[in-house]
**Q** 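Here's a structure for you.
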Amino acid sequence: MIQELSEQELLRRNKLEEIRKAGIEPYPAEEFEINANAADIKANYERDKINYKDISFAGRLMMVRDMGKAAFAELQDSTGKIQVYIKRDEICPGEDKNLYDLLWKKWIDLGDFIGIKGYVFTTKVGEISIHVQSLKLLSKSLKPLPVVTVDKEGNAHDAVTDPEFRYRQRYVDLVINPKVRKTFEQRTAVINSIRTFLNNHSALEVDTPVLQSIPGGATARPFITHHNALDMPLYLRIANELYLKRLIVGGFDWVYEFSRNFRNEGMDRTHNPEFTILEFYVAYKDYFWMMKTTEQLLEKIAMDLHDTAELEVGDKKINFAAPYKRISIYDAIKEHTGIDVSKMDEVALRDTCKKLHLEVDDSMGKGKLIDTLFGEKCEDHYIQPTFIIDYPVEMSPLTKKHRTEEGLVERFELIINGKEIANAYSELNDPIDQRARFEDQVKLMERGDDEAMFIDHDFLRALEYGMPPTSGIGIGIDRLCMLMTNQVSIQDVLFFPQMRPEAKAVAEGEHSQTH
RNA sequence: GAUUCCGUAGCUCAGCAGGUAGAGCAUUACACUUUUAAUGUAAGGGUCCUGGGUUCGAAUCCCAGCGGGAUCACCA
């Protein structure tokens with residue numbers, strides 16, 4: 001199948017040939033040395049003019065205002081845009097005006113990368129610009145870039161807003177939408193902030209297997225793959241929890257990993273099939289310590305990014321300053337339904353759910369029923385960061401039993417803006433109890449719960465050697481980034497969100513034209 | 001997976017009581033040596049997502065498919 005090139009694409013390919021015929025390499029190999037960037041020039045030129053007389057700058061050509069024998073253009077580098085001024089007699093001092101008349105005026109297009117040397121000056125109208133003394137084509141662009149213009153009021157015209165275009169061709173989105181770049185820089189800032197916090201506490205960053213023979217540590221449907229040499233199924237990890245705990249058994253006091261997890265479930269604006277959870281485990285701590293640490297961490301992230309703990313998220317203000325409200329899951333359900341479920345057995349719970357018109361079936365055990373009740377009736381109400389604590393044992397197979405409350409475990413979830421952001425516990429380190437909990441999961445699986453956990457015998461063996469009392473947490477990094485960058489869709493905090501393949505082959509047709 | 005909206009030039013969009021496809025920016029040509037959504041004059045550019053159907057005639061109406069968004073379900 002041959003996809004025809006557009007008029008503009010053909011033109012650019014023709015220009016490419018003209019450039020080569022003129023003896024100019026459109027994709028030069030040698031380094032182009034740079035000694036300034038756009039943001040630096042704009043910020044520092046006025047008070048430090050002496051240092052901006054011999055500038056070497058490179059960037060992508062975004063706009064040209066041609067005046068005949070001179071032109072203004074805008075170049076964009078990784079720090080932003082800057083205006084440059086190109087005068088024919090300046091870059092072509094002799095008789096030969098081809099560099100200007102042909103290369104600059106005819107052959108260079110919007111989207112090309114060019115390198116310039118020159119000096120910084122301020123134009124009549126007061127814009128800091130680079131006066132070009134020499135010009136070099138660094139890379140020819142063969143596809144026209146959407147042109148987004150910004151007027152005096154700062155309004156963008158013809159901005160590309162089509163989500164499909166933006167997600168499939170993120171590289172273009174990043175070039176033409178400066179806010180998108182900022183969001184991703186902030187995502188990295190969130191991760192750096194966390195890493196600094198953890199490293200300052202002498203935590204050890206580790207890597208654990210992504211390919212696992214038993215997908216453990218969470219309740220979710222895994223992706224299955226196959227290892228040919230071993231001739232066995234392998235699962236992409238749904239969590240790294242059981243491996244990090246093995247490392248606590250091995251004697252590390254505090255380990256952490258930014259874990260790319262894979263769950264074979266639905267997709268929407270808060271779910272992508274692959275996503276990132278930060279998990280960390282700390283020896284000799286409990287879930288109270290973990291709540292304090294979590295508050296401190298989130299407050300620090302907000303401060304590092306925004307210099308304030310109070311952030312605008314959609315039409316709400318969310319305050320990340322510690323401490324956060326704590327409420328038990330039973331009290332939360334009582335508060336929002338008026339029903340005390342703390343003493344109910346499975347049958348009574350199922351009836352209660354039915355009365356509240358919640359969809360339930362016989363495969364659901366006590367834990368899942370309570371989870372449903374909370375998720376449907378309560379979760380949405382917690383906008384400010386809130387710790388929901390003390391879950392029933394049935395829904396927490398890896399969590400230590402509560403020190404005083406029968407039937408509960410020492411667990412909390414952190415809810416922000418109606419969404420779960422973190423999940424943490426005092427870790428179950430009693431190997432006998434852990435084995436019993438796994439066996440309960442098997443019974444759930446036999447009843448038809450396809451998310452129940454498998455027994456991980458090696459993990460049990462590790463616990464039998466002894467794991468110190470430990471507290472652990474998983475923090476949803478993508479969702480945290482959505483809050484910190486004020487984005488409503490997970491697709492806007494992932495560079496390349498999962499998409500169905502495009503119907504039309506993008507590459508095939510175009511290759512067959514150029515080979 | 002269900003419901004609903006959307007798919008027209010490189011980009012943003014208009015066109016729909018069915019009658020041979022339009023604008024702005026971008027592109028091409030010419031003019032212009034401090035402009036800034038530069039300007040002026042002229043020109044080119046489209047399997048109207050794909051495939052069927054109704055009709056003398058479909059971008060427009062109907063059906064199916066593909067892709068995307070939103071809402072819901074599952075879930076973090």
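Note that the structure is a prediction, hence the values are computed from the model and not measured. Numbers restart at 1 for each chain; the letters A, B, ... are given by sequence-line order, proteins then strands.
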**Q** How many Å lie between NZ on A/K69 and C1' on B/U35, as a whole number?
**A**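 In whole Å, B/U35 C1' lies 16 Å from A/K69 NZ.
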
**Q** Could you pull out the protein-nucleic contacts involving nucleotides 24-26 of chain B (nitrogen or oxygen on both sides, under 3.5 Å)?
**A**
from, atom 1, to, atom 2, distance (Å)
B/G24, N2, A/D158, OD1, 3.4
B/G24, N2, A/D158, OD2, 3.1
B/A26, N3, A/Q8, NE2, 3.1

**Q** Which nucleotide in the list B/C74, B/G69, B/A37 gets nearest to the side chain of A/E376?
**A** B/C74

**Q** Under 4.0 Å, heavy atoms only, any strand: does A/G476 hit a base, just the sugar-phosphate, or nothing?
**A** nothing

**Q** How many Å lie between CD on A/Q169 and P on B/U12, as a whole number?
**A** 11 Å

**Q** Quick one: is B/G69 close enough that its OP1 or OP2 comes under 4.0 Å of any side-chain N or O from A/Q491?
**A**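 Yes, because at least one side-chain N or O of A/Q491 sits under 4.0 Å from OP1 or OP2 of B/G69.
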
**Q** Could you measure between the two C1' atoms, the one in B/G15 and the one in B/C74, and give it in whole Å?
**A**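 The answer is 42 Å between these two C1' atoms.
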
**Q** Look at the rings of A/F258 and A/Y256 and say which category their plane angle falls in: under 30° parallel, 30 to 60° tilted, over 60° perpendicular.
**A** perpendicular

**Q** Taking only the P atom of each, what is the distance from B/A37 to B/U20 in whole angstrom?
**A** 39 Å

**Q** Rounded to whole Å, how long is the line connecting atom CH2 of A/W107 with atom C1' of B/U27?
**A** 18 Å

**Q** Take A/S489 and A/A220, find for each the nucleotide of RNA chain B with the closest heavy atom, and name the residue whose nucleotide sits nearer the 5' end.
**A**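 Of the two residues, A/S489 wins.
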
**Q** Taking B/G46 as the reference, what is the distance to B/G7 when you measure between their C1' atoms (whole Å, please)?
**A** 15 Å

**Q** Go through the structure and list residues passing salt bridge (Lys or Arg N to Asp or Glu O under 4.0 Å) with A/D158, not counting sequence neighbours.
**A**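 With neighbours one apart ignored, the set is empty.
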
**Q** Would you say the side-chain atoms of A/Y243 and A/D207 include a donor-acceptor pair closer than 3.5 Å?
**A** no

**Q** What residues form a salt bridge (Lys or Arg N to Asp or Glu O under 4.0 Å) with A/E257, not counting sequence neighbours?
**A**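 Checked A/E257 against salt bridge (Lys or Arg N to Asp or Glu O under 4.0 Å); matches are A/R237.
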
**Q** Can you tell me how far OG of A/S489 sits from CG of A/D478, rounded to the nearest 0.5 angstrom?
**A** 11.0 Å

**Q** Which part of the nucleic acid, if any, lies within reach of A/K15 when heavy atoms closer than 4.0 Å are counted: base, sugar-phosphate only, or nothing?
**A**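 Since only primed, P, OP1 and OP2 atoms lie under 4.0 Å of A/K15, the category is sugar-phosphate.
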
**Q** On a whole-Å scale, what distance lies between the C1' atoms belonging to B/C48 and B/G10?
**A** 16 Å

**Q** Taking atom P of B/C72 as reference, at what distance in whole Å does atom CG of A/L358 sit?
**A**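 About 15 Å, once rounded to whole Å.
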
**Q** Taking only side-chain nitrogens and oxygens of A/R65, does any of them come within less than 4.0 Å of OP1 or OP2 of B/A38?
**A**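 Indeed, a polar side-chain atom of A/R65 lies that close.
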
**Q** Using the P atom on both, measure B/U47 against B/A21 and round to a whole Å.
**A** 13 Å

**Q** Taking NZ from A/K152 and P from B/A37, how many angstroms apart are they, rounded to a whole number?
**A**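 Taking atom P of B/A37 as the reference, NZ of A/K152 is at 4 Å.
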
**Q** Return a table of donor-acceptor pairs under 3.5 angstrom between the side chains of residues 375-385 of chain A and protein atoms on other chains or two or more places apart.
**A**
from, atom 1, to, atom 2, distance (Å)
A/H381, NE2, A/K377, O, 3.3
A/Q384, OE1, A/N319, N, 2.8
A/Q384, NE2, A/K317, O, 2.7

**Q** According to the ring-ring contact (aromatic ring centres under 6.0 Å, His included) rule, which pairs have a member within residues 128-152 of chain A, sequence neighbours left out?
**A**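 Those involving residues 128-152 of chain A are A/Y85-A/H131, A/Y119-A/H131, A/F121-A/H131.
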
**Q** If we take the P atom in both B/G65 and B/U3, what is their distance in whole Å?
**A**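 Rounded to whole Å, the distance is 11 Å.
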
**Q** Assign A/D66 to base, sugar-phosphate, or nothing according to its heavy-atom contacts below 4.0 angstrom with the strands shown.
**A**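 Result for A/D66 = base.
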
**Q** Dump the pairs, protein N or O against N or O of nucleotides 7-9 of chain B, anything under 3.5 Å, distances to one decimal.
**A**
none

**Q** Assess, by modelled atom type and distance only, whether the side chains of A/T399 and A/R411 contain a donor and an acceptor separated by less than 3.5 Å.
**A**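 No, A/R411 and A/T399 have no side-chain donor paired with an acceptor closer than 3.5 Å.
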
**Q** Of all the nucleotides listed (B/C11, B/A37, B/U34), which has the minimum atom distance to the side chain of A/D151?
**A** B/A37

**Q** Taking any heavy-atom pair under 4.0 Å as a contact, classify A/E420: base, sugar-phosphate, or nothing.
**A** sugar-phosphate

**Q** Could you check whether the side chain of A/D162 and the base of B/C11 have a donor-acceptor pair of N or O atoms closer than 3.5 Å, going by distance alone?
**A** no

**Q** With heavy atoms under 4.0 Å as the rule, sort A/E90 into base, sugar-phosphate or nothing.
**A** nothing

**Q** With a 4.0 Å cutoff (strictly under), does any side-chain N or O of A/K87 reach OP1 or OP2 of B/U34?
**A**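 No, A/K87 has no side-chain N/O under 4.0 Å of OP1/OP2 on B/U34.
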
**Q** Please identify each residue that fulfils salt bridge (Lys or Arg N to Asp or Glu O under 4.0 Å) with A/K105, with sequence neighbours left out.
**A**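 Salt bridge (Lys or Arg N to Asp or Glu O under 4.0 Å) list for A/K105, sorted by chain: A/D66.
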
**Q** Is there a side-chain contact between A/R269 and the phosphate of B/G69, meaning an N or O under 4.0 Å from OP1 or OP2?
**A**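 No, A/R269 has no side-chain N/O under 4.0 Å of OP1/OP2 on B/G69.
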
**Q** Across the strands shown, which category fits A/N423 at heavy-atom distances under 4.0 angstrom: base, sugar-phosphate, nothing?
**A** nothing

**Q** Categorize A/N272 for me: base, sugar-phosphate, or nothing, with a 4.0 angstrom heavy-atom threshold over every strand shown.
**A**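 Since a base atom lies under 4.0 Å of A/N272, the category is base.
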
**Q** Let me know, please, whether A/V160 or A/D268 comes out on the 5' side of the other along RNA chain B by nearest nucleotide.
**A**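 Nearest nucleotide further toward 5': that of A/V160.
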
**Q** Rounding to a whole Å, what distance do you find between A/M499:CE and B/C66:P?
**A** 16 Å

**Q** A/E164 has an atom CD; how far is it from atom P of B/C66, in whole Å?
**A**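 After rounding, the gap between these two atoms is 14 Å.
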
**Q** Considering every strand and a 4.0 Å limit on heavy-atom distances, what is the contact class for A/A71: base, sugar-phosphate, or nothing?
**A** nothing

**Q** Taking only the C1' atom of each, what is the distance from B/U27 to B/C11 in whole angstrom?
**A**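 Approximately 12 Å lies between the C1' atom of B/U27 and that of B/C11.
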
**Q** At less than 4.0 Å, is any side-chain N or O atom of A/R500 found next to OP1 or OP2 of B/G67? Yes or no.
**A**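 Affirmative; the distance criterion is met.
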
**Q** Please verify the inter-ring angle class for A/F374 with A/Y391; under 30° counts as parallel, over 60° as perpendicular, anything in between as tilted.
**A**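 Plane angle over 60°, so perpendicular.
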
**Q** Respond yes when some side-chain nitrogen or oxygen of A/K106 is under 4.0 Å from OP1 or OP2 of B/U28, and no when none is.
**A**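 For A/K106, the contact criterion (side-chain N or O under 4.0 Å from OP1 or OP2 of B/U28) is not met.
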
**Q** Given atom CE of A/M267 and atom P of B/A2, what is their separation to the nearest angstrom?
**A**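 Distance, rounded to whole Å: 16 Å.
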
**Q** Could you list the residues that satisfy salt bridge (Lys or Arg N to Asp or Glu O under 4.0 Å) with A/K81, not counting sequence neighbours?
**A** none

**Q** Does the side chain of A/T149 come under 3.5 Å of the side chain of A/D151 through a donor N or O and an acceptor N or O?
**A** no

**Q** Could I get the full list of side-chain contact (heavy atoms from CB on, under 4.5 Å) partners for A/P146, not counting sequence neighbours?
**A**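 With neighbours one apart ignored, the set is A/V160, A/F165, A/V172, A/I176.
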
**Q** Between B/G45 and B/U28, how many Å separate the two P atoms, rounded to a whole number?
**A** 15 Å

